[in-house]
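Throughout, protein chains are lettered first and strands after them, A, B, ... in sequence-line order, and every chain is numbered starting at 1. Atoms considered below: every heavy atom in the structure, side chains included; atoms not considered: hydrogens, waters and symmetry mates.
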Amino acid sequence: MTTPPATPPASAASARGQVERYDPGTLEARWQERWAADALYRTADHVPGKENWYALTMFPYTSGDLHVGHWFAMAPSDALVRFRRMQGYNVLFPMGFDAFGLPAENAAIKGGLHPQDWTYANVERMRGQLRRMGASFDWDREVITCAPDYYRWTQWWFTRLYRQGLAYRGEALVNWCPSCNTTLANEQVVDGRCERCDSVTDQRMMSQWFFRTTNYAEELLANQDLDWPEHVKLMQRNWIGRSEGAEVSFALEQPTASGVDEIRVFTTRPDTLFGVTFMVLAPEHPLVKQLTTPRRRKAVEEYVQAAARKTEIERQSTELAKTGVFTGAYCINRLTGDRVPVWVADYALATYGTGAVMGVPAHDQRDYDFAKQYRLKVKVVIAPNATRYRTRLAEAYIEPGVAVNSGPFDGMPNAEMKSAVAQHLAERGWGGPRITYRLRDWLISRQRYWGAPIPIVYCEDCGTVVVPDDQLPVELPYDVEFRPTGESPLALSEAFVHTTCPDCGKPARRETDTMDTFMCSSWYFMRYADARNPAEAFSKAGAEAWLPVDQYTGGSEHATMHLLYARFFYKFARDIGLVPGDEPFTRYFSQGQILGPDGRRMSKSRGNVVAPDDQVARWGADCFRAYLMFLGPWEQGGPYDVDGIVGVSRWLNRLWTLVVDPPARLADGLTSHSTTRQLRQAAHATLERVTEDLGRYRMNTMVAALMELTNTLQDIRATGEVDARAWDEAVELLVLMLAPSCPHIAEELWERTNHDYATTGSVHTQPWPAFDPALAAQDVVEIAVQVNGRVRDRLELPADADEATARAAAEALPRVAEHTANHEIIRVIYVPGRLLNIVVR
RNA sequence: GCCGGGGUGGCGAAACGGCAGACGUAGCGGGCUUAAACCCCGCGGCCCGCAAGGGCAUGUGGGUUCGACUCCCACCCCCGGCACCA
């Protein structure tokens with residue numbers, strides 16, 4: 001079998017003659033080099049006469065490959081940045097790498113490469129891919145979170161939080177991922193599974209480092225004024241989960257051996273306190289062991305152990321019937337003096353409120369179910385009507401009502417009673433008003449290698465000592481056995497563990513856990529403001545120049561993790577006087593998710609991954625960028641249709657040809673020619689649309705508008721004689737409008753239309769053109785003529801025609817007359833430029 | 001169950017309460033080509049009709065309006081989040 005030579009036929013001659021073909025590959029590489037050589041995107045902190053604008057798109061994790069999702073977030077962001085620059089802003093648009101984290105270790109274990117070497121190799125590769133995108137990143141401010149000159153400051157943040165009492169070590173029930181062999185923050189457990197690897201997690205009592213995010217719960221909750229997507233703000237508010245209610249103390253009938261004489265509960269229904277018929281402790285509640293009577297011990301221990309064996313998924317399932325065991329102990333409802341049996345049941349959660357629940361079966365469905373299961377008493381204390389009400393219920397009564405069987409509160413509306421009871425309790429020292437959050441403190445300890453070491457030293461004499469600034473960074477040693485065992489790999493490194501106490505100089509041991517990588521990403525956007533600063537995390541001047549971020553772009557999967565942590569960090573930074581404002585991200589845009597061609601999440605196992613490199617190699621970066629913008633609304637995302645991109649490629653080819661091969665007969669002074677008017681109208685109307693669309697992040701319709709103008713120019717070219725000035729103006733506007741989305745071809749065409757890059761500058765440094773409303777307006781418009789709301793004909797009219805003119809012209813149309821004859825015209829509605837509706841009877 | 005976001009041609013989509021389907025694809029017909037194409041022209045929701053034209057169409061059913069994809073009410077389906085949080 002013979003194959004033809006690989007060289008394509010040299011002649012690509014079209015009907016229009018020999019025209020140079022659009023060749024994105026070489027053209028894009030050439031301009032990328034040129035821009036880099038000229039440092040076109042280096043951003044100064046201040047430029048006279050220009051306002052600063054900080055645009056940020058989430059930096060990628062160093063997985064090794066940029067995927068379509070990265071492009072989908074970054075390419076439109078870059079277009080908006082370029083647009084804003086042309087509008088006269090001094091724009092900071094930095095890029096970097098989120099480089100610590102488990103995948104590096106997992107890949108290292110699998111492939112035999114050290115996590116650090118794996119990570120830096122990936123940085124190298126991804127940097128190249130990002131450059132190939134043609135985005136206008138300021139690489140001089142690049143950050144790599146695993147570099148000592150970065151994590152030194154991550155550790156510094158820890159020390160500041162520690163000194164402010166916001167970092168603490170505490171014993172708590174924490175989430176554990178048995179596959180990752182490490183603890184996880186609450187935010188990193190999704191439906192009882194590890195957010196990273198999807199393994200089922202369990203809970204363990206461990207001593208770990210936490211940040212007091214709950215100190216800021218109230219402020220984090222107050223996000224409604226942020227210019228963020230509502231659904232993201234809502235996710236955060238749901239996550240924080242504020243509940244208003246009361247804490248109530250119940251006296252133990254028999255104080256425990258250790259002297260505890262009460263059980264405290266949190267309730268949102270203090271109005272039902274008179275209806276308590278049992279008490280429930282979570283299996284992990286510290287009092288369980290102490291108050292269980294000898295006769296009940298065996299049963300309780302068995303139950304507690306069984307609960308511990310269950311996974312979170314099993315524990316949290318609402319479908320399961322309620323289970324529990326009686327402890328044999330009783331407590332006293334101080335308001336009524338009632339003797340209340342104390343049970344253990346796993347529907348009480350150890351990590352919420354006080355870990356104990358008062359059982360009010362008459363007015364809480366869960367308590368009702370539990371009471372039915374174990375035949376416990378049901379006491380009605382809220383009723384729709386104070387005089388007549390049911391005492392036997394088929395389900396809990398949770399509607400509003402008035403108090404009954406509630407002593408001094410009888411007859412009081414229950415809404416009012418909530419605060420009255422809380423008040424009553426407070427006066428007697430039995431509890432009082434209380435607000436509880438679902439949000440937990442942020443667990444930041446990780447029993448893994450590839451992260452920033454926690455800068456803490458344990459000294460026998462001085463106790464827990466924070467590493468002083470001049471001893472940072474606490475360097476992560478390279479030569480460590482990092483296989484995950486559940487114990488921190490750093491504990492195995494004698495050289496790392498053994499140190500001296502910063503306070504007294506005696507031998508001491510280092511903390512061997514590393515920090516959650518979400519810590520690195522909680523402040524990277526601040527570092528960009530002054531990325532090369534060797535003496536500070538960032539300078540005051542840098543912060544004043546750039547913070548807070550004006551526009552942030554990323555996926556909403558980070559709503560309750562990164563975006564929440566970053567807000568926490570920023571508020572802390574504000575409190576210690578480092579940054580201006582209260583919020584890190586003034587505006588946040590959440591782009592949609594790009595799916596595989598089959599409409600499902602892209603994944604290697606499904607084999608539906610579209611590699612951006614392949615798309616770029618085949619179509620060019622400009623084409624791929626524009627196609628991603630053209631697909632649909634940016635916030636929506638959707639399946640990536642590999643066949644659709646050809647339309648964008650055809651468009652760019654036509655546009656190219658149009659500019660490189662202008663109309664055959666260009667003549668001066670044809671200003672009265674109808675095509676001249678049409679040309680100018682189309683160009684200015686498009687400019688109006690594109691300006692509007694870019695301002696509202698509507699990238700898809702922006703590209704469509706450019707396509708339309710291209711089609712119009714092509715039609716006009718075909719008519720023959722065209723006014724040279726009008727043509728040049730239209731082409732110039734088209735190229736300027738193309739610059740944000742397709743920076744390379746725009747630059748090339750800009751140069752080819754008599755603009756010298758060396759003297760007059762890049763197309764990307766040109767001011768955004770202003771459109772002329774008079775030119776953008778149409779002279780003649782086609783309107784629809786309706787009879788009773790149905791279109792019967794169309795009519796061409798001068799744009800400024802009045803109603804009488806329009807009506808006369810419409811009634812003269814035979815197809816209209818047909819429908820109005822023998823009818824009485826009762827009304828005529830005229831919308832200039834749109835339609836005329838004749839209403840008949 | 002609760003809270004968001006969506007249902008418009010074969011597909012991706014567009015449409016200040018005012019001509020539904022811009023723009024683009026798939027497909028069909030034609031041109032240029034020995035042949036093709038990431039080239040050019042045309043058609044391109046469904047039904048009836050040779051055509052002119054007419055009817056039906058924006059998840060379903062109501063309503064408001066001269067006029068509804070758009071506003072209101074009820075419901076169905078899909079996607080995302082939360083869910084034994086006391």
Side-chain angles (χ1 to χ4, degrees), chain A residues 12-16 21-22 24 190-191 229-235 237-239 241 243 245 265-269 272 280 315-320 322 345-349 351-360 364-367 369-370 436-439 556-557 559-560 592-593 599 618-620 623 627 630-633 635-641 643-654 657 698 700-701 703-708 710-711 714 718 782-794 815 826-840:
Chain A
S14 76
R16 299 186 55 82
R21 295 281 309 235
Y22 169 47
V190 180
D191 290 332
E230 284 304 320
H231 75 276
V232 174
K233 292 196 281 188
L234 203 67
M235 277 163 79
R237 290 203 289 270
N238 287 343
W239 185 260
S243 283
V265 300
F266 171 72
T267 178
T268 56
R269 296 296 305 276
T272 64
V280 176
R315 285 281 293 270
Q316 302 266 326
S317 170
T318 40
E319 266 102 82
L320 286 178
K322 302 245 174 318
D346 66 2
Y347 83 89
L349 307 176
T351 53
Y352 183 78
T354 62
V357 181
M358 62 185 209
V360 187
D364 182 286
Q365 192 58 44
R366 296 154 303 183
D367 296 343
D369 294 343
F370 189 75
T436 294
Y437 302 92
R438 215 187 69 104
L439 179 75
S556 49
E557 69 273 16
T560 57
Q593 195 178 32
R618 177 147 183 218
W619 306 101
C623 181
Y627 182 53
F630 182 65
L631 273 178
E635 67 276 14
Q636 197 175 296
Y640 185 88
D641 176 9
D643 297 322
I645 192 170
V646 66
V648 177
S649 179
R650 283 177 190 149
W651 163 56
L652 289 176
N653 272 293
R654 275 183 284 134
T657 309
R698 299 170 58 141
N700 55 331
T701 50
V703 173
L706 294 179
M707 288 176 171
E708 270 187 79
T710 307
N711 293 345
Q714 194 158 9
E782 191 189 66
I783 68 164
V785 181
Q786 299 179 331
V787 178
N788 283 357
R790 305 191 75 98
V791 180
R792 296 301 174 184
D793 208 342
R794 285 156 226 280
R815 304 222 328 257
I826 54 172
R827 202 170 159 189
V828 174
I829 290 120
Y830 177 52
V831 184
R834 292 285 179 181
L835 58 71
L836 184 86
N837 186 11
I838 300 169
V839 186
V840 300

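- The base of B:C66 is paired with the side chain of A:Asn837 by a donor and an acceptor separated by under 3.5 Å.
- Checked against B:A86, B:C66, B:A14, the side chain of A:Pro633 finds its nearest nucleotide in B:A14.
- When heavy atoms are screened at a 4.0 angstrom cut-off, A:Pro229 is found touching no nucleic acid atom at all.
- Within 4.0 Å of A:Ala348, counting heavy atoms only, lies at least one base atom of the nucleic acid.
- The CH2 atom of A:Trp239 sits 17 Å away from the C1' atom of B:G4 (whole-angstrom rounding).
- By the 30° and 60° cut-offs, the orientation of the rings of A:Phe370 relative to A:Tyr347 is tilted.
- Among the heavy atoms of the strands lying under 4.0 Å from A:Asn653 are primed sugar atoms or P, OP1, OP2 only; no base atom is included.
- Residue contacts shown for A:Val831 include a base, since a base heavy atom lies under 4.0 Å away.
- Between B:C48 and B:C2, the two P atoms lie 45 Å apart (nearest whole Å).
- Nucleic acid contact class of A:Arg650 (heavy atoms, under 4.0 Å, all strands): sugar-phosphate only.
- Residue A:Glu230 is out of contact with every strand shown, counting any heavy-atom pair closer than 4.0 Å.
- Using a 4.0 Å heavy-atom criterion, one finds that A:Tyr22 contacts no nucleic acid atom at all.
- In this structure, A:Leu234 reaches the sugar-phosphate backbone alone: every heavy-atom distance under 4.0 Å involves primed, P, OP1 or OP2 atoms, never a base.
- Among the protein residues, A:Asn700 comes within range of the sugar-phosphate backbone only, with heavy atoms under 4.0 Å from sugar or phosphate atoms but none that close to a base.
- At the heavy-atom level, A:Ile829 lies under 4.0 Å from base atoms of the strands shown.
- Within the 4.0 angstrom heavy-atom criterion, only backbone atoms of the sugar-phosphate kind lie near A:Val839; the bases stay farther away.
- For the P atoms, the distance linking B:C72 with B:G55 amounts to 30 Å, nearest Å.
- Within the nucleic acid shown, A:Ser649 has no heavy atom closer than 4.0 Å to any nucleic acid atom.
- Among the heavy atoms of the strands, none lies under 4.0 Å from A:Arg237.
- Heavy atoms of A:Asn711 sit under 4.0 angstrom from primed sugar atoms or phosphate atoms, though from no base atom.
- With rounding to whole Å, A:Tyr347 atom OH is found 19 Å from B:A83 atom P.
- The separation of B:A51 from B:G59, taken at their P atoms, amounts to 30 Å, rounded to a whole angstrom.
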